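This is a predicted model, so every value here is computed, not measured.
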Amino acid sequence: MKFSLQLINSFINLNHIKFNKFEKILTLSGLEIDNIERIEKYRDKIIDVNITANRQEISSSFSLARETSTILNIPIKILPIKLNYKNSIEKNFNQLSETKYTHIAYIRIVTLEATYTKKINDCLLNQLKIHNIQESETLTNIQKYIEIKWGQTFYITNNKEINQNKNIINYSNLATLFQTTEIKRIIKETNNKSKILIFTTINKKDNNMFFNNESNEFYENIFIDSMKLINTFIETKIGKYNEAHQKIIIKNFNIQVKKENINKSLGYIKDKKLKFIQTYKINKILQQLQLSPKYCKTDKLFELVIPNYRKNDLTREIDIIEEIGRIYKFENFFNRINTNKLQGYKYKNFTQVKQIRNTLSRLGMHEVINCCITKNIQNNYRNLQIYNPITHEQRELRTNILENLINNYKHNIKNSKKHIEIFEIGKVFEINNKNQQLYIEKRHLGGVIYNNDYTRNNWSKQSGNITLFHFKNIIETFLETINSEAILKEILVSNKTKNKNFAEHLLKTNKRVGIYNPKNTQKIGIMGELNNQFIKTSSNKNEKIYIFEINLNQLIETTKSNNHLQYISQKYSNYPSVTRDISVKLKKYINIEKVKETIIHDNNNLIESLDILNEYKDNKNTIRHISLRITYRSKIKTLNTKDIKYIDTNLENILKKLQET
């Protein structure tokens, strides 16, 4: 739809705003300008605005000026003239009392005697042309111009149409209130050549204050503007007007908007700290939108009254929230929803167990989970019996973790699984020595490795089984990765003290190794080759299966954190380097580290790096030639000819000293 910037400027002062800024503000507010046409003759600009389907109320220069006033928060410079309807005839068809009605419907009828047209203004005709309205008789042109400017206009009729009972007030909700039969009673008799102008409006009961900038509030302004144009361009005699009003009820359209929903939909505003738009700013924006806000502190919501001209597009809570974001400007909010992920303190033990689990997984082992209720392989008095067990196979609490893993091995072999590399982190139990009625709960780490294709000595030979040395290397790699100081040490055969929780009875006596804490020499675990008598199958009698079990809490005590690492940060130099390759002749007993120290000591500020490239020896192996590469670089300047000469001279002196020694 096309609008004249001159007409818009007659309602609102835009002289202090550059047109480029005005265009950008309208576009960001949802009113995109498709085209701009300049009319030099009238010093006017015609803007073609793309009006969306939900904003059909923007159909006149006044309505666009009102929208601009809301966006820019600047007042409309034309004040509405108060309508004095109390002197008019009251047509109380609805029989409403003084207390019940909220609005009045008002009609004013003006009679024009025989009219003679003067020359009409070209500017007025140009406005009709812009809106593709064909030029007609002067009175009709004025009628159309008033509609373009204000968004509402007067009706033109005569005695003939009134006598035919035609519906004069077309496309208006006043047609049901002031029908043609009612207009006959109000109007005085006129001749058939006279033109009858009808001005109608609906106004509030108490119109002392104007909040909404509705076009009905400017009824008197529209009437005066129309009559001025008629007096200017039409030679006629204007008679006294007749008027009437009647009381009606129009219910307000109210919406409640919760502050919480505004925060959820719009999110945080761009500020130094993450915070939502303040309540007082929301209230100010709602007043700017002419929504008469009232904030309820207890329920934390806004109660709003929707103006008549926004009833079609402001129907839901989300519509109001969108308007708040549009006026506050969406660019002032974060473009993504920020979620506060509050992470609590992680217990050190938890992170270390997680590291142990991840390390074993990277070493190629798979985690399994078994039930703590089982039937232990070795029956002794220290087994924890369960009262009323569900099954015969689940009558005890396990005393070690390896027996369950051996059952996992049997199950996998039965299902033709060739490679078994599994581990488990779980609970084991033992009877308290001080009180036989109590038990001690511990966490253990156990594992089983069986692999016939683990390694091969030569590509031409067949791959072989994993050995105890391979298995020992896996455990050492695991301990080193988790930064454990635990050591592997042989368990002497004469050592009669056995820990039932480590299931030493499952290992071959001559192929077992203990895992110890070096600080207190306490045994924290065992590893070795499984005794095949516990497998009970002839096919697996000679198979080599390796197992390990470690007390998890005691293992964690042997680990150390990475806090001991010290890093030195140094700024890179922005200047180019100079490289020198030298050969140093040295005797057999001279240490190369002493040579490096000698060179660096004399050129400490300039040497960036010193690398050994190669070493050559004579046939008698008494003289060595060492190739070195020295890189020089300054941190404050580019090395010049004088600096390079100093470097070369210094190197020659160093080489002489080294060759004399």
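- Under the 4.0 Å criterion applied to side-chain N and carboxylate O atoms, Lys523 and Glu504 are assigned as salt-bridge partners.
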Would you sort out whether Glu421 and Asn451 count as a side-chain contact (heavy atoms from CB on, under 4.5 Å), showing the intermediate values?
-> CA-CA 8 Å; Glu421 296 161 343; Asn451 193 336; 3.1 Å; yes
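- Using modelled atom types, one side-chain atom of Glu549 and one backbone atom of Ile401 make a donor-acceptor pair closer than 3.5 Å.
- Here the shortest heavy-atom pairing between Asp581 and Thr579 reads OD1-CG2, 4.1 Å.
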Going through the checks in order, is the side-chain contact (heavy atoms from CB on, under 4.5 Å) test met by Ile255 and Val257?
-> CA-CA 7 Å; Ile255 289 181; Val257 182; 4.0 Å; yes
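- Using a 4.0 Å cut-off between a side-chain N of Lys or Arg and a carboxylate O of Asp or Glu, Lys258 and Glu317 do not qualify as a salt bridge.
- Counting only distance, with no hydrogens or angles, the side chain of Asn415 and the backbone of Lys417 share no donor-acceptor pair below 3.5 Å.
- Distance check, rounded to the nearest 0.5 Å: CD1 of Ile487 to CG of Leu479 gives 10.5 Å.
- A salt bridge does not link Lys375 to Glu396: none of the charged side-chain nitrogens sits closer than 4.0 Å to a carboxylate oxygen.
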Run the numbers on Leu555 and Phe478 for side-chain contact (heavy atoms from CB on, under 4.5 Å), then give the verdict.
-> CA-CA 12 Å; Leu555 174 65; Phe478 163 68; 4.2 Å; yes
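- For the pair Ile474 and Ile449, the minimum side-chain heavy-atom distance is below 4.5 Å.
- Formation of a donor-acceptor pair under 3.5 Å by the Asn532 side chain with backbone atoms of Glu543 is found in this model.
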Decide salt bridge (Lys or Arg N to Asp or Glu O under 4.0 Å) for Arg512 and Glu529; before the verdict, give the C-alpha distance in whole Å, the side-chain angles of both, and the deciding distance to 0.1 Å.
-> CA-CA 6 Å; Arg512 60 182 183 177; Glu529 186 178 337; over 6 Å; no
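- Nearest heavy atoms, Thr559 versus Ile482: CG2-O, 3.5 Å.
- Between Leu266 and Ile324 the shortest side-chain heavy-atom distance falls below 4.5 Å.
- For the pair Thr455/Ile466, no side-chain contact is recorded, criterion being any heavy-atom separation below 4.5 Å from C-beta on.
- Residues Arg443 and Asn349 have side chains that bring a donor and an acceptor to within less than 3.5 angstrom of each other.
- The main-chain N or O of Ser29 is found under 3.5 Å from a side-chain atom of Arg326 such that the two form a donor-acceptor pair.
- The shortest side-chain heavy-atom distance between Thr558 and Gln554 does not fall under the 4.5 Å cut-off.
- Of the possible donor and acceptor atoms, one in the side chain of Tyr546 sits under 3.5 Å from a partner among the backbone N and O of Leu468.
- Tyr575 places a side-chain N or O within donor-acceptor distance of the main-chain N or O of Ile636, the cut-off being under 3.5 Å.
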Hey, mind stepping through Asp319 and Thr315 against side-chain hydrogen bond (donor to acceptor under 3.5 Å, both in side chains) and telling me if it holds?
-> CA-CA 7 Å; Asp319 298 330; Thr315 58; 3.3 Å; yes
Before giving the answer on side-chain contact (heavy atoms from CB on, under 4.5 Å), spell out for Val578 and Ile630 the whole-Å C-alpha distance, their side-chain angles and the decisive distance to 0.1 Å.
-> CA-CA 8 Å; Val578 175; Ile630 308 173; over 6 Å; no
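- Not one N or O on the side chain of Asn650 forms a donor-acceptor pair closer than 3.5 Å with the backbone of Tyr646.
- The neighbour count for Glu441 CD, taken as heavy atoms of other residues, nucleotides or ligands under 6.0 Å away, is above 12.
- Using a 4.0 Å cut-off between charged nitrogen and carboxylate oxygen, Glu367 and Arg357 count as a salt-bridge pair.
- Contact check for Asn614 versus Tyr616: side-chain heavy atoms found under the 4.5 Å cut-off.
- Nearest heavy-atom pair, Leu610 versus Leu628, reported as atom, atom and distance to 0.1 Å: CD2-CD2, 4.1 Å.
- Using cut-offs of 30° and 60° for the angle between ring planes, the Phe534 and His505 rings count as perpendicular.
- For the pair Ser634 (side chain) and Leu639 (backbone), a donor-acceptor distance under 3.5 Å is absent.
- His419 NE2: more than 12 foreign heavy atoms inside a 6.0 Å radius.
- With values rounded to the nearest 0.5 angstrom, Ile420 atom CD1 is found 12.0 Å from Lys418 atom NZ.
- Around CD of Glu615, the count of heavy atoms belonging to other residues, nucleotides or ligands within 6.0 Å exceeds 12.
- The minimum heavy-atom distance between Gln394 and Cys371, with the atom names listed, is NE2-SG, 4.5 Å.
- Contact annotation: the side chain of Leu445 approaches that of Phe423 to within less than 4.5 Å [non-hydrogen atoms, C-beta and beyond].
- The aromatic rings of Tyr409 and Tyr450 sit perpendicular to each other, their planes meeting at more than 60°, with 30° as the lower class boundary.
- Ser265 places no side-chain N or O within 3.5 Å of a backbone atom of Ile262 that could act as its donor or acceptor partner.
- For the atom pair CG of Asn452 and NZ of Lys544, the computed distance is 10.5 Å after rounding to the nearest 0.5 Å.
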Verdict with reasoning, Glu424 to Asn404, per side-chain hydrogen bond (donor to acceptor under 3.5 Å, both in side chains) | CA-CA 9 Å; Glu424 182 184 1; Asn404 284 120; over 6 Å; no
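- Side-chain contact between Ile440 and Lys442 is present, with heavy atoms from C-beta onward closer than 4.5 Å.
- Surrounding CD of Glu260 are at most 12 heavy atoms belonging to other residues, nucleotides or ligands under 6.0 Å away.
- With values rounded to the nearest 0.5 angstrom, Ile406 atom CD1 is found 16.0 Å from His411 atom NE2.
- Smallest separation of non-hydrogen atoms from Gly528 and Leu507: C-CD2, 3.6 Å.
- The aromatic ring centres of Tyr268 and Phe333 sit 6.0 Å or more apart.
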Would Lys259 and Asn263 satisfy side-chain hydrogen bond (donor to acceptor under 3.5 Å, both in side chains), going step by step from the backbone distance to the final call?
-> CA-CA 6 Å; Lys259 176 72 166 56; Asn263 295 339; 3.2 Å; yes
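- Within a 6.0 Å sphere centred on NZ of Lys508, heavy atoms belonging to other residues, nucleotides or ligands number more than 12.
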Take Asn408 and Asn370 through the test side-chain hydrogen bond (donor to acceptor under 3.5 Å, both in side chains) and record every step on the way to the result.
-> CA-CA 9 Å; Asn408 294 141; Asn370 292 304; 2.8 Å; yes
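- Using modelled atom types and a 3.5 Å distance limit, the side chains of Glu403 and Asn400 yield a donor-acceptor pair.
- Of all non-hydrogen atoms in Leu402 and Gly447, the two that sit nearest each other are CD2-O, 3.8 Å.
- Side-chain contact between Arg580 and Ile644 is present, with heavy atoms from C-beta onward closer than 4.5 Å.
- A donor-acceptor contact shorter than 3.5 Å is absent between the side chain of Arg629 and the backbone of Ser609.
- Legend: residues meeting side-chain contact (heavy atoms from CB on, under 4.5 Å) with Glu476, ordered by chain and number and at least two apart, are Lys472, Asn473, Leu488.
- Taking CG from Asn261 and CD1 from Ile318, the interatomic distance works out to 8.0 Å, rounded to the nearest 0.5 Å.
- Taking the six-membered ring where the residue is Trp, Tyr439 and Phe429 present perpendicular rings, their angle passing 60° and hence far from 30°.
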